Amino acid sequence: MDVAAIRAEFPILGQCVRGEPLVYLDSAATSQKPRGVIAAIQRWETEEEGIAGGDCHGSYGGRAVDAVACVREQVCRFLHAGDPDEIIWTSGTTMSINLVAQGWGRRWLQPGDELILSEMEHHANLVPWQQIARERGAVLRYIPLTSDGRLDLCELEKLLSPRTRLVATCGISNVLGTINPLRQIVESARRYGALVLVDAAQCASHTPLDVQDLGVDFLAFSGHKLYGPTGIGVLWGRRELLDRIDPLLWGGYEYRELGRDGWDSAAVMENRPARLETQGLPVSSIVGLGAAMEFIERIGWESITRHERKLTELAFDSLCEIPGLEVIGPGLGERGSLVSFTVEGVHPHDLSEILDRRGVAVRARHHCAMLLHDLLGIAATTRASFAIYNTPAEIEILCAGIRDAVRLFRRIS
Ligand SMILES: Cc1ncc(COP(=O)(O)O)c(C=O)c1O
């Protein structure tokens with residue numbers, strides 16, 4: 001794989017930050033966009049803009065409807081889903097999970113029902129469940145972690161019961177980097193008839209997803225972590241489940257029968273996926289997401305996973321060699337393309353500031369996983385995350401910057 005050629009497709013990577021070439025190691029927060037995605041959005045907005053849905057005006061208006069349908073089919077193939085109508089447009093992972101928590105939870109959860117989450121979840125897969133549990137009188141249970149940051153599946157077995165309605169977990173932790181054993185989780189949950197929702201925000205650009213093979217019930221991801229635009233995301237759900245959940249926002253569907261007192265629920269329920277979406281979809285973002293998936297397909301999963309594995313191994317090994325640096329999470333065998341760490345005597349905010357002076361963009365704080373940080377007994381970590389456009393040389397710059405920071409703070413203290 002020609003990384004230099006791939007980098008040339010990302011105009012932003014040519015920038016300098018504080019006089020140094022940008023070393024972008026924050027793709028777990030948001031990835032950069034290749035020219036193909038930027039061009040697709042621009043082309044749409046300059047040549048084709050129109051609204052998808054509602055009353056179409058002939059051939060021009062139909063373009064937006066066709067474009068949305070085309071990308072919906074693309075996402076269906078991307079996830080190996082069975083039916084494009086199982087793809088629901090949302091604004092991102094957070095909205096997708098809220099749609100299930102509120103649309104399914106408010107309707108079907110009974111007091112005393114149980115929901116199982118894990119201790120490594122991002123707030124997006126935590127707070128919506130805490131909210132709905134409070135509202136419905138449901139009980140939250142948490143899968144504990146092993147000392148190396150993996151889900152303790154023996155404990156999951158003990159938590160599951162006939163009262164369990166749903167298990168919600170990330171596919172890859174945005175802090176620990178842990179790749180969770182989804183198939184095993186599904187197998188366990190099924191024995192109790194519980195549903196499984198996967199927060200795939202950190203998976204979608206790093207590993208192929210096959211919702212049918214995994215056997216999950218709901219899966220959520222965001223376009224902006226997949227080389228695509230912000231403001232667009234996906235909820236995939238099994239058709240029969242989507243038919244049993246309520247919209248997050250009412251009023252988007254074009255109601256076939258609507259009176260003063262309401263609408264004909266039978267007619268509305270038939271209308272998947274529009275029933276769960278709003279009108280005025282962000283068509284240019286959807287088109288951009290389609291271009292992002294084309295980009296991934298063109299490079300191919302094999303090249304993507306091989307390259308990112310190499311980078312993660314190099315980063316993990318090099319970081320572990322820095323005195324006082326402690327990597328959080330599992331070893332390389334169960335780790336996705338990110339490494340979070342602490343450095344003795346250097347606060348993550350100071351570290352990120354020093355790295356910023358060298359043009360290195362990493363993320364420091366709790367990464368919206370406060371529960372996990374509390375559990376680890378630390379307020380913050382520094383996270384370096386990798387994507388298809390990163391290079392071994394960038395990891396060397398990162399490590400040199402950290403060594404400098406360690407030296408500086410040793411002198412001060
Ligand atoms: C694991 C995980 N879940 C959910 C989210 C939320 O994604 P979004 O802000 O695109 O909704 C993130 C964002 O960092 C994440 O890492």
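Start at 1 and go down the list; that is how both ligands and their atoms are numbered. As the structure is a prediction and not an experimental result, all values here were calculated from the model.
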If you scan protein heavy atoms around atom 16 (O) of ligand 1, the nearest is Q202 NE2, 2.7 Å
Pair K310 + E313, salt bridge at N-O below 4.0 Å | no
Any idea which part of T94 is under 4.0 Å from ligand 1, heavy-atom wise: side chain, backbone, both or neither?
-> both
Counting heavy atoms under 4.0 Å, the part of M95 that contacts ligand 1 is neither
For atom 15 (C) of ligand 1, closest protein heavy-atom neighbour | H122 CD2, 3.3 Å
Of the backbone atoms (N, CA, C, O) and the side-chain heavy atoms from C-beta on, which set of E121 has a member under 4.0 Å from an atom of ligand 1: side chain, backbone, both, or neither?
-> neither
Flag for S188-E157: side-chain donor and acceptor within less than 3.5 Å | yes
Going by the angle between their ring planes, with limits at 30° and 60°, are F10 and F295 parallel, tilted or perpendicular?
-> perpendicular
Of the side chain and backbone of A201, name the one, both, or neither that has a heavy atom under 4.0 Å from an atom of ligand 1.
-> side chain
From the options C368, A200, A29, S222, select the one whose nearest heavy atom is closest to atom 10 (O) of ligand 1.
-> S222
Using 4.0 Å as the upper bound for N to carboxylate O, is an ion pair formed by D26 and R383?
-> yes
Using distance alone, with no hydrogens and no angle criterion, decide if S27 and S385 have a side-chain donor and acceptor under 3.5 Å apart.
-> no
Among non-hydrogen protein atoms, atom 13 (C) of ligand 1 lies closest to K225 NZ, 2.7 Å
Could you pull out, from N174, D199, I232, the option with a heavy atom nearest to atom 2 (C) of ligand 1?
-> D199
Under a 4.0 Å N-O cut-off, is there an ion pair linking R77 with E297?
-> no
Proximal ligand 1 atoms for H224, defined as those under 4.0 Å from one of its heavy atoms = 8 (P), 10 (O)
Taking NZ, NE, NH1 and NH2 as the nitrogens, is one of them in E294 or R298 under 4.0 Å from a carboxylate oxygen of the other?
-> no
